[in-house]
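These notes concern the structure reproduced below.
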There are 2 protein chains.
Amino acid sequence: MNKKNRVTSYDVAHAAGVSQSAVSRVYRPGVSVSKKTREKVLKAAEELGYKPNAIARMLINQSTGMIAVIISSRANVNFPEVLAQLNKHIAEKNKRVLLFTLDDAEQLETVIEQILAYQVDGVVALTAHFEPDSVTQFAKHNIPVVLYNRELPDHSVSSVCCNHDQGLRMLVDILVNHHHQHFLIMAGPKDSDVARARLSGARNALLSHGFTDTNVVYGDYSYDSARECLSAYAEKNALPTAIICANDTMAIGAIDEIRENLNLRVPEDISVVGFDGISASSWHSYQLTTVSQPTYFMTKAAVETLVNLIESPDIPPETRYWPGKLIEGNSVAAAPRDNE
Amino acid sequence: MNKKNRVTSYDVAHAAGVSQSAVSRVYRPGVSVSKKTREKVLKAAEELGYKPNAIARMLINQSTGMIAVIISSRANVNFPEVLAQLNKHIAEKNKRVLLFTLDDAEQLETVIEQILAYQVDGVVALTAHFEPDSVTQFAKHNIPVVLYNRELPDHSVSSVCCNHDQGLRMLVDILVNHHHQHFLIMAGPKDSDVARARLSGARNALLSHGFTDTNVVYGDYSYDSARECLSAYAEKNALPTAIICANDTMAIGAIDEIRENLNLRVPEDISVVGFDGISASSWHSYQLTTVSQPTYFMTKAAVETLVNLIESPDIPPETRYWPGKLIEGNSVAAAPRDNE
DNA sequence: GTGAAAGCGCTAACAG
DNA sequence: CTGTTAGCGCTTTCAC
């Protein structure tokens with residue numbers, strides 16, 4: 001191990017001919033130091049290449065300025081954008097993102113242990129495998145948690161969610177307005193909360209129009225899985241006139257499968273809708289009708305809720321829903337007559 | 001501010017009826033403690049909900065176990081994958097990712113200051129705006145740095161790079177083998193190192209086949225920019241028979257522009273090649289001929305290089321090149337005769 | 001406004 | 001194997 005030739009506030013104090021606490025004061029906001037002292041200190045610091053040690057500061061302040069962000073690498077495709085924006089909003093609050101991945105339930109204990117050890121100021125969880133138990137652990141240590149696109153049944157933790165019900169209702173309404181009657185739901189992985197929320201949103205919306213028992217196939221959010229499960233479904237079932245997909249990537253996979261292997265057209269023969277509003281959804285070959293999540297506002301809300309909770313731990317848990325925004329593309333048309 | 005009711009090793013020691021250092025020993029690897037003591041300590045710790053404070057440990061160990069990863073949010077599209085994999089490899093080395101975004105040169109000083117304050121063990125930089133000066137600053141503080149897909153002219157810092165020259169040579173060779181003679185290079189943003197490397201790779205490869213002065217248009221890596229700059233180019237110039245794009249996203253944009261607005265076919269009328277091997281490149285509507293970066297190996301190499309450097313700071317800077325892998329799609333065909 | 005001194009929670013010699 | 005002790009680099013009273 002290397003012994004870093006660290007330069008400490010004592011070194012600077014010595015060089016500047018002042019006390020160590022004088023040096024400390026120069027680097028703290030809202031503390032009064034005479035101009036003369038400040039200049040002497042800054043000059044010495046510059047010469048020695050001194051930077052205050054945030055670790056030592058953390059130990060005293062009981063605040064690290066770090067926010068743990070937990071993601072699953074297998075997550076829905078819009079996570080990069082979410083992560084980038086979270087990071088930006090967190091940086092604006094003058095805090096830092098400490099990144100954790102949680103891919104399967106077994107790692108849960110380890111990850112939580114590490115997060116607790118690092119004394120983070122708060123946690124943003126974007127992941128499945130995050131059970132009420134985990135939340136309790138953070139609560140015990142007074143570490144605020146905000147869930148992103150995930151809510152606990154008892155709403156005991158603050159959440160920021162896209163309103164998947166409302167989004168799917170808009171999509172289903174469009175399909176129904178186009179006289180569709182034969183639907184297929186292409187759902188996401190069963191262990192994903194978002195996928196479950198979208199599935200139940202689709203079912204509820206269809207139900208409200210009197211459509212019961214709609215068939216469901218399950219993919220894993222990926223393009224390939226969409227093609228595979230649609231292909232398998234088509235072999236054994238009559239084709240629907242409309243497919244409601246759990247995300248845009250699967251919608252795109254469905255479209256390609258319809259065109260390439262089922263030899264049908266989108267939207268003339270089959271209509272397809274997605275969810276997320278990823279950039280590929282607007283590409284000319286697909287032009288998906290979809291619902292985009294207001295990522296900017298949702299990430300901002302998540303960070304603000306968390307920061308408030310850090311400052312005032314007694315704020316009760318709040319669930320904030322954001323409506324999705326309908327993007328009408330060219331992937332929905334009137335249901336074909338001959339299919340009734 | 002909340003006064004967290006932290007439980008410290010002293011509390012545990014008291015409850016277990018042992019000394020504080022006994023508690024400490026239980027939580028340190030490779031330190032011998034009697035079974036009896038260990039059990040007493042673990043029991044007390046469990047009851048009190050004790051977790052060792054990593055911050056205090058850092059202060060002594062002179063090692064935080066944190067790696068700063070610097071990204072730019074405007075980066076090339078495959079960054080999410082890179083970040084996820086870096087994070088995974090770093091976690092395997094039992095270290096943590098502290099995330100920093102660097103979008104413009106002005107933030108550079110602030111970001112560096114923060115990274116230094118946080119006493120990270122090392123830095124992985126995936127960003128432009130990272131000048132030799134910045135590297136010097138980290139060197140002064142003995143913080144190892146590894147650049148990802150970026151190299152300094154003097155090779156004074158370790159780098160892990162995809163061999164863009166070799167990748168572009170493969171792509172250009174394919175086009176030349178298909179008798180193409182009229183090329184257009186669609187380059188990425190001028191301030192991106194990767195974009196520059198790919199541009200010069202394309203030029204060199206073309207040059208080696210005797211093609212000089214190939215026209216270049218500049219996009220910003222995005223789908224829209226590709227469409228815009230191709231559209232503007234087409235208004236004033238004869239169309240090429242082959243377009244060499246700086247990344248897959250722009251290649252896809254170019255294909256859509258060719259099909260939708262130029263009313264030509266890909267690959268029959270114009271061939272298009274990309275770079276990166278993003279998942280959309282294999283979608284049925286595009287089937288790009290492209291070169292994929294060995295992201296898994298590159299990220300692993302970057303982390304290993306960095307960890308070695310952390311353990312043995314005297315290792316001289318090394319540049320590791322990884323070859324891209326050619327993926328032959330269906331976006332290249334023989335050059336049309338009538339275009340010569 | 002400044003310096004002295006007491007910790008933050010832990011690790012790492014050092015005796016016993 | 002265990003307890004005692006002295007810090008890691010900083011912030012924060014508290015006198016002056």
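Since the structure is predicted, the reported quantities are computational estimates derived from the model, not experimental observations. All chains are named by letter (A, B, ...) in the order of the sequence lines, taking the proteins before the strands, and each is independently numbered beginning at 1.
The pair B/E47-B/K43 meets the salt-bridge criterion, with a side-chain N (NZ, NE, NH1 or NH2) lying under 4.0 Å from an Asp/Glu carboxylate O.
The NZ atom of A/K35 sits 19 Å away from the C1' atom of C/dT2 (whole-angstrom rounding). The interatomic distance linking A/K51 (NZ) with D/dC10 (P) rounds to 13 Å, in whole Å. Whole-Å rounding puts the A/H141 NE2 to C/dG9 C1' distance at 15 Å. Straight-line distance from the CG atom of B/N61 to the C1' atom of D/dG7: 13 Å, rounded to whole Å. Following rounding to the nearest Å, B/Y118 (OH) and D/dG9 (C1') show an atom-to-atom distance of 16 Å. A straight line from CD of A/Q62 to P of D/dT12 spans 11 Å, rounded to a whole angstrom. In this structure, A/R6 places its CZ atom 14 Å from C1' of D/dG7, rounding to the nearest Å. Spacing between atom CD1 of A/I60 and atom P of D/dC8 amounts to 14 Å, rounded to whole angstrom units.
Under the 3.5 Å distance criterion, with hydrogens and angles disregarded, no donor-acceptor pair is assigned to the side chains of B/S63 and B/N61. Residues B/E109 and B/Q137 bring a donor and an acceptor atom of their side chains to less than 3.5 Å of each other.
Of the candidate nucleotides C/dT11, C/dG9, D/dC10, C/dG9 has the atom nearest to the side chain of B/N53. Among D/dT2, C/dG9, D/dC10, the nucleotide with an atom closest to any side-chain atom of A/A56 is D/dC10. The side chain of A/S34 lies closest to C/dG1, out of C/dG9, C/dG1, D/dC10.
Of the candidates B/T295, B/N149, B/V160, B/W322 forms a side-chain contact (heavy atoms from CB on, under 4.5 Å) with just one, namely B/V160. Between B/V303 and the choices B/T299, B/V307, B/L306, the side-chain contact (heavy atoms from CB on, under 4.5 Å) rule is met once, by B/V307. Of the options A/L86, A/V82, A/L98, a side-chain contact (heavy atoms from CB on, under 4.5 Å) to A/V69 is made by A/L86 and by none of the others.
When all heavy atoms of A/D193 and A/R150 are compared, the closest pair comes out as OD2-NE, 2.6 Å. B/S9 and B/Y50 get closest at one heavy-atom pair: N-CE1, 3.5 Å. What you find for B/T127 and B/S72 is that their closest heavy atoms are OG1-OG, 3.6 Å.
Each of B/L59 and B/R38 was matched to the nucleotide of DNA chain D holding its nearest heavy atom; the match closer to the 5' end belongs to B/R38.
Taken residue by residue, residues 21-32 of chain A places heavy atoms nearer than 4.0 Å to DNA chain D at A/S21, A/S24, A/R28. In the region residues 9-20 of chain B, proximity to DNA chain C at under 4.0 angstrom, judged on heavy atoms, holds for B/S9, B/Y10, B/Q20.
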